[in-house]
Protein chains: 2
Amino acid sequence: MTVTLADVAARARVSPATVSRVLNGNYPVAASTRERVLRAVDDLDYVLNGPASSLAAATSDLVGILVNDIADPFFGIMAGAAQTEIGGPGDGSGRAGGEKLAVVCNTGGSPERELTYLTLLQRQRAAAVVLTGGAVEDPVHQAAVSAKLAKLADAGTRVVLCGRPPLPDGEAVVAALAFDNRGGGRRLTEHLLSLGHRRIGYVAGPLERTTTRHRLEGHRDAMRAAGLLGGGTGAAGRPTDGYDEERLTVHGPYDRRSGYDATLELLRREPEVTAIVAANDTVALGACAAVRDRGLRIPEDISVAGFDDLPFSVDAVPALTTVRLPLFEAGARAGRLAMGKETPPPGGIATIAAELMVRGSTAPPRA
Amino acid sequence: MTVTLADVAARARVSPATVSRVLNGNYPVAASTRERVLRAVDDLDYVLNGPASSLAAATSDLVGILVNDIADPFFGIMAGAAQTEIGGPGDGSGRAGGEKLAVVCNTGGSPERELTYLTLLQRQRAAAVVLTGGAVEDPVHQAAVSAKLAKLADAGTRVVLCGRPPLPDGEAVVAALAFDNRGGGRRLTEHLLSLGHRRIGYVAGPLERTTTRHRLEGHRDAMRAAGLLGGGTGAAGRPTDGYDEERLTVHGPYDRRSGYDATLELLRREPEVTAIVAANDTVALGACAAVRDRGLRIPEDISVAGFDDLPFSVDAVPALTTVRLPLFEAGARAGRLAMGKETPPPGGIATIAAELMVRGSTAPPRA
DNA sequence: CTGTTAGCGCCTTCAA
DNA sequence: TTGAAGGCGCTAACAG
């Protein structure tokens, strides 16, 4: 019923080995023979048996791209860019030669699902894995992920991190491309401070996420440098949490709803707030809605800022002040690194700059 | 080096077949034996060899979800929902039992890549394939896709269409869930007409896409019913294109840039336009920006409407009048159908209703 | 309930 | 440049 390599070989009057060789293009084959084989392939409408081939070769053409939320363009842009580099242009024949199957896996931000996907990819003997976006900081989970990645690397899978901080023991990883979330967060808040804001509310992402923590730390660095935070140092050498620090920060998921609710909460806690910094642009959109629903104007009454500079941010009204992350470029680079098409940065680690984008949603506070 | 089933069997003092049975859970195994095997698996940190297993079983646990644009939440929402239904909740152990590997493939709207992905999935002996979003109407490509899907179905792959019209010969497909784009488009324009609009510009999607065509047809149906279009019939029985019809329609990709540019063009062609209907919400956002940049107010000077009701649409200023598509529900249902967890609709075809959402971006035209 | 026995379809030395 | 042969690791009948 189903056509096999042997059928093609028979029709082309060559041995199965020869057919395999022309299909994989790894060995020299006479042009005339190759021609004949290719014709037989087309005639028979032959499609390689992936599992059989992967079993024999001990490697597959599957490349996994893990994302935290596939409905969020933040991840979609990176994943799409990576896929473009990995999948190659395709030859338009639909014949699918030696191409990789670049594939995105949605963890939904769940550590369990992340591990499950890694195991599934390991099981498939994936050629490469790209992990995008912030990591969960639970030590148990981090250890599990590290161990899993080590095993993957051990089995020949190339592992690349994109928009995620390097592993403690980075040996397992081809490269880690980390966004400068901290620097971006700091510059954003510095911008607000320079406009004259002093009471700034912060709508943070979920707890225990590297992205959340780094952006928040950048914000607090700036606040502290301006003398607006209790700058004391606690027992473990970590800054003590000042009163305002806690009171002016609300955590929640990276979605608009969270931005809306958290902003209402901030406004309740501290009506004198003159600016709201959101964990990302989507959250900022929700924050804007909340501000407006409270009868306040942006930026006259309250400034609002986001992070990421997603495509829609420039269309917000007023256009959103935010921090641009080169998502597409980073994703593409991660894809190339995963394919070995690009040499890894020194030490396997690169920090990707974040650029402040000042637009209409921020302005000096009212006098 | 790498642990195999035989190693586990040896350690558990059973035959390889028994190990296979407990891992797949398809055959009865004594509880004590199972226990022993599972312990051996954990001790050895064994991971099933997917390719070998797929080869022997002639089927894999891979499920492909094809999307036109992974950076567009329209697809992300559907794909995420489908993945949730397919991947199952996971057991939290990261051990990855009999779970499916739900995976999304980004065609970028390219017919070639769509075919390539289908071939790759066929090569992997995918358990199921879900095709989301509008199809390209080129007959050659459609025939190629149909043929490919027939072959997939033939090999036991379950094929489901989600947000895509049924195939001409629907035999290959488990189920087709089609959005009522035409009805939604019609009702949206009827809403505008009822407000008193007469000169309505239309920013359409790319040519040759079913989604584009159906939405546009709905719009024109409404216009024609209102006597606003040359309702003549041409040689081939197709409606002749009236002057306004052509002049008030501009095609472009489904992105904000296209909405921006097309709206400027429409405003140039016909300054008397009082409403703009966009192909989708993203395009509508660009349209809003263009309208404002021209110094016009929404909705006082010009009404703007979108399609899809993506999450950000309610946060636009003013909130976007649009047509809601139950993307999450549709994606989840497609996922269930792909897994055989839900019985297909009668005839394998279901039309999913589109709901008009009237919000602040539309109002009566100026007197 | 469990072991034995054949392959699944392909890649890859090794020879020719 | 090509053919022959063995085995990749697992599953699926059959027996028992």
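Every chain is numbered from 1, with letters handed out A, B, ... down the list of sequences.
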Colleague: Between C:dG3 atom C1' and B:Arg13 atom CZ, what is the distance in whole Å?
Modeller: 16 Å

Colleague: Rounded to whole Å, how long is the line connecting atom CZ of A:Arg36 with atom C1' of D:dT2?
Modeller: 11 Å

Colleague: For nucleotides 7-13 of chain C, give me one character per nucleotide, 5' to 3': B if any protein heavy atom sits under 4.0 Å from the base, S if the only such contacts are to the sugar-phosphate, - if neither.
Modeller: BBBBSBB

Colleague: Answer yes or no: does a side-chain N or O of A:Thr33 lie under 4.0 Å from OP1 or OP2 of D:dT2?
Modeller: yes

Colleague: Applying salt bridge (charged side-chain N to carboxylate O under 4.0 Å, His left out), run through B:Glu114 and B:Arg164 and close with a yes or a no.
Modeller: CA-CA 14 Å; B:Glu114 180 168 275; B:Arg164 170 178 298 220; 3.2 Å; yes

Colleague: Against A:Leu62, only a single residue in A:Thr157, A:Val129, A:Leu101 fulfils side-chain contact (heavy atoms from CB on, under 4.5 Å); can you say which?
Modeller: A:Leu101

Colleague: Quick one: is D:dT2 close enough that its OP1 or OP2 comes under 4.0 Å of any side-chain N or O from A:Thr18?
Modeller: no

Colleague: A:Pro28 has a side chain; which of C:dC1, D:dG3, D:dT1 sits nearest to it?
Modeller: D:dT1

Colleague: Quick one, B:Glu342 with B:Arg158, criterion salt bridge (charged side-chain N to carboxylate O under 4.0 Å, His left out). Give me CA distance, side-chain angles, the key distance, then yes/no.
Modeller: CA-CA 13 Å; B:Glu342 179 174 322; B:Arg158 297 175 63 87; over 6 Å; no

Colleague: Suppose we screen for side chain to side chain donor-acceptor pair (under 3.5 Å). Which residues come up paired with B:Thr132, at least two apart in sequence or across chains?
Modeller: none

Colleague: With side-chain hydrogen bond (donor to acceptor under 3.5 Å, both in side chains) as the rule and sequence neighbours excluded, what pairs involving residues 13-25 of chain B come up?
Modeller: B:Ser15-B:Thr18, B:Ser20-B:Asn24

Colleague: Do A:Gln124 and B:Asp61 pair up side chain to side chain, a donor and an acceptor below 3.5 Å, judged on atom types alone?
Modeller: yes

